[in-house]
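Before any comments, here is the structure.
Every chain is numbered from 1, with letters handed out A, B, ... down the list of sequences.
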Amino acid sequence: MDIDTKFYTSTLLNWYQTNRRDLPWRLSNNPYEIWIAEVIFQQTRINQGINYYHRFIERFPNISMLANASEDEVLKLWQGLGYYSRARNLWVTAKKVAFEMQGQFPNTFSEIKKLKGIGDYTAAAIASIAFNEPVPAVDGNVIRVISRLFTIDTPASSSKGKGEITQIAHSMIPADNPGDFNQALMEFGALQCTPRSPNCEICPLKNSCLAFKLSSIEKYPLKIIKKAVRIRHFNYLVVDDGEYLLFKKRTSGDIWENLYDFPLIETPDRYEIDKLMQTPQWKKLFNTSDICLENVSEEIIHQLSHQKIILRFYHIKITQPLEQTYYLSIVYNHVLSLPVPIIIGNYLANKFEIGATKKDNWI
DNA sequence: GAGCCGTGGGA
DNA sequence: TTCCCAAGGCT
């Protein structure tokens with residue numbers, strides 16, 4: 001493709017100069033802070049993650065502090081942000097850099113990309129912003145902007161389409177400030193070339209935008225058909241003896257890995273209480289113990305990107321400790337320190353007044 | 001390469 | 001209400 005790259009480069013840099021948001025990590029060339037920011041803002045809007053960023057940097061101001069923390073604490077700080085593998089991988093990588101690489105964060109794209117939790121995009125962002133390496137950081141914004149400017153008709157989900165876009169972005173990077181340019185392209189996508197109803201009339205690139213010329217802005221980037229989300233039914237048993245609650249640390253191979261939740265009976269469809277009491281899990285847990293069903297919550301829908309969880313909480317009071325070792329007994333005061341899925345955190349806040357409210361989801 | 005992994009805000 | 005999707009990466 002024959003492109004006047006200089007025009008796009010200078011236009012985007014000029015636009016960035018006057019329209020860029022003041023974001024904390026933009027004041028820094030510290031690879032650690034850039035790394036944390038880039039990971040937090042993977043698939044996450046600025047408004048949703050900005051307070052998490054501040055709290056994270058305050059608690060872990062450098063990679064050594066992060067490396068010496070516990071996984072539970074890192075996950076607790078991440079609670080509510082979602083995609084918890086990001087937090088687990090941050091912790092794993094921090095320990096690797098701190099204890100195996102003498103605390104020296106790698107300084108080239110290829111070395112950075114070897115770290116767990118860092119892929120093409122994040123490696124390029126860190127390498128270009130912290131180390132001035134001219135590598136294209138292709139995120140969802142860049143895909144959208146380039147797709148529209150040049151009407152890319154290969155889906156960006158394919159390696160071919162991604163490759164085309166990456167190549168174009170690469171050709172636009174100025175040698176002197178690749179970091180600013182990468183951020184300019186992304187910021188342009190976030191603020192000007194928005195997914196829905198972009199204001200093309202005020203766009204400095206409208207006369208160079210092929211999609212605009214063809215009145216097909218809405219067509220790009222090419223949409224991919226999504227498969228239906230899986231529907232699951234969770235029955236949470238909130239087992240309560242007045243002093244402690246039962247919890248279980250979730251294991252790998254499912255959502256919310258390494259977070260904690262209540263004893264869970266997953267059923268193939270909606271079970272009423274009498275049917276739930278007939279399940280082997282219920283019978284095994286309570287056996288012949290005296291129980292009192294204190295409360296059954298309304299049905300709650302928890303929508304994940306790929307699953308729809310239909311769930312209820314069964315608040316069950318017991319008078320005698322259960323004869324079991326499978327679940328953890330957590331005293332009320334300690335419940336707050338456990339990293340839990342947001343739906344559990346909200347329940348605890350509303351029902352037990354343990355922890356913060358939904359809007360204030362941190363310690 | 002396709003499926004999996006959260007959550008919240010906006011239209 | 002419902003749907004979309006946001007500074008992606010791993011298996």
Side-chain angles (χ1 to χ4, degrees), chain A residues 20-21 23-26 33-53 75 78-90 92-93 112-126 128-129 136-145 155-162 166 169 179 182-191 193-198 218 221 223-230 232 250 252-259 261 301-309 339-346 358-362:
Chain A
R20 61 183 285 174
R21 291 169 288 186
L23 301 173
W25 55 95
R26 287 190 173 152
E33 293 176 14
I34 310 254
W35 169 47
I36 300 300
E38 293 302 339
V39 172
I40 284 179
F41 294 106
Q42 287 169 6
Q43 303 286 284
T44 304
R45 289 189 170 82
I46 299 298
N47 283 342
Q48 193 178 347
I50 187 71
N51 288 328
Y52 284 87
Y53 175 78
L75 283 170
W78 203 269
Q79 179 176 309
L81 253 186
Y83 287 131
Y84 298 95
S85 67
R86 296 183 294 171
R88 296 193 303 270
N89 287 336
L90 276 183
V92 168
T93 291
I112 294 169
K113 191 171 136 56
K114 289 178 184 170
L115 300 172
K116 201 163 168 71
I118 298 183
D120 282 328
Y121 163 75
T122 304
I126 298 172
S128 64
I129 297 169
V138 179
D139 71 340
N141 290 309
V142 174
I143 288 170
R144 185 172 58 257
V145 173
S157 55
S158 71
S159 57
K160 182 167 179 288
K162 182 82 177 292
T166 301
N182 279 338
Q183 293 189 80
L185 198 48
M186 290 188 278
E187 192 83 332
F188 185 79
L191 301 180
C193 195
T194 52
R196 276 172 297 198
S197 34
E218 298 297 332
K223 317 298 187 270
I224 37 172
I225 302 115
K226 281 189 202 162
K227 57 169 276 189
V229 300
R230 174 154 72 123
R232 304 173 71 179
R250 293 183 62 83
S252 61
D254 202 351
I255 57 176
W256 302 325
E257 180 177 340
N258 288 9
L259 274 65
D261 62 1
I301 310 277
H302 191 64
Q303 184 75 56
L304 282 64
S305 56
H306 52 297
Q307 292 182 20
K308 178 177 179 175
I309 313 288
V340 296
I342 201 69
I343 195 72
I344 302 284
N346 289 342
K358 182 174 182 177
K359 279 292 171 196
D360 191 35
N361 189 277
W362 49 80

Select one nucleotide: of [options], the one nearest the side-chain heavy atoms of [X].
X	options	result
A:Y83	C:dA7, C:dT11, B:dG6	B:dG6
A:Q183	C:dG9, B:dC5, C:dA7	C:dA7
A:K116	C:dC10, C:dG8, C:dA6	C:dC10
A:Y84	B:dT7, C:dG8, C:dC10	B:dT7

Legend entry - Residue closer to the 5' end of DNA chain B, A:L259 versus A:S158 (nearest nucleotide):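 That would be A:S158.
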
Specify the separation, in whole Å, of atom [atom1] of [X] and atom [atom2] of [N].
X	N	atom1	atom2	result
A:Q42	C:dC5	CD	C1'	15 Å
A:Y52	B:dG6	OH	P	13 Å
A:I112	C:dG8	CD1	C1'	16 Å
A:H306	C:dG9	NE2	P	18 Å
A:R86	B:dT7	CZ	P	11 Å
A:R232	B:dC4	CZ	C1'	11 Å
A:R45	C:dG8	CZ	P	11 Å
A:R196	C:dC4	CZ	P	9 Å

Considering only the [atom1] atoms, how many Å lie between [N] and [M], rounded to the nearest integer?
N	M	atom1	value
B:dG6	C:dC4	C1'	15 Å
C:dA7	B:dA11	C1'	22 Å
B:dC5	C:dA6	C1'	15 Å
B:dG8	C:dG9	P	22 Å

Legend entry - Donor/acceptor link under 3.5 angstrom from A:S305 side chain onto base of B:dG6: yes

Inset, instruction - Check each of A:E38, A:Q42, A:K113 against A:T122 using the side chain to side chain donor-acceptor pair (under 3.5 Å) test, and report the only one that passes. - result: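 Only one option passes, and that is A:Q42.
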
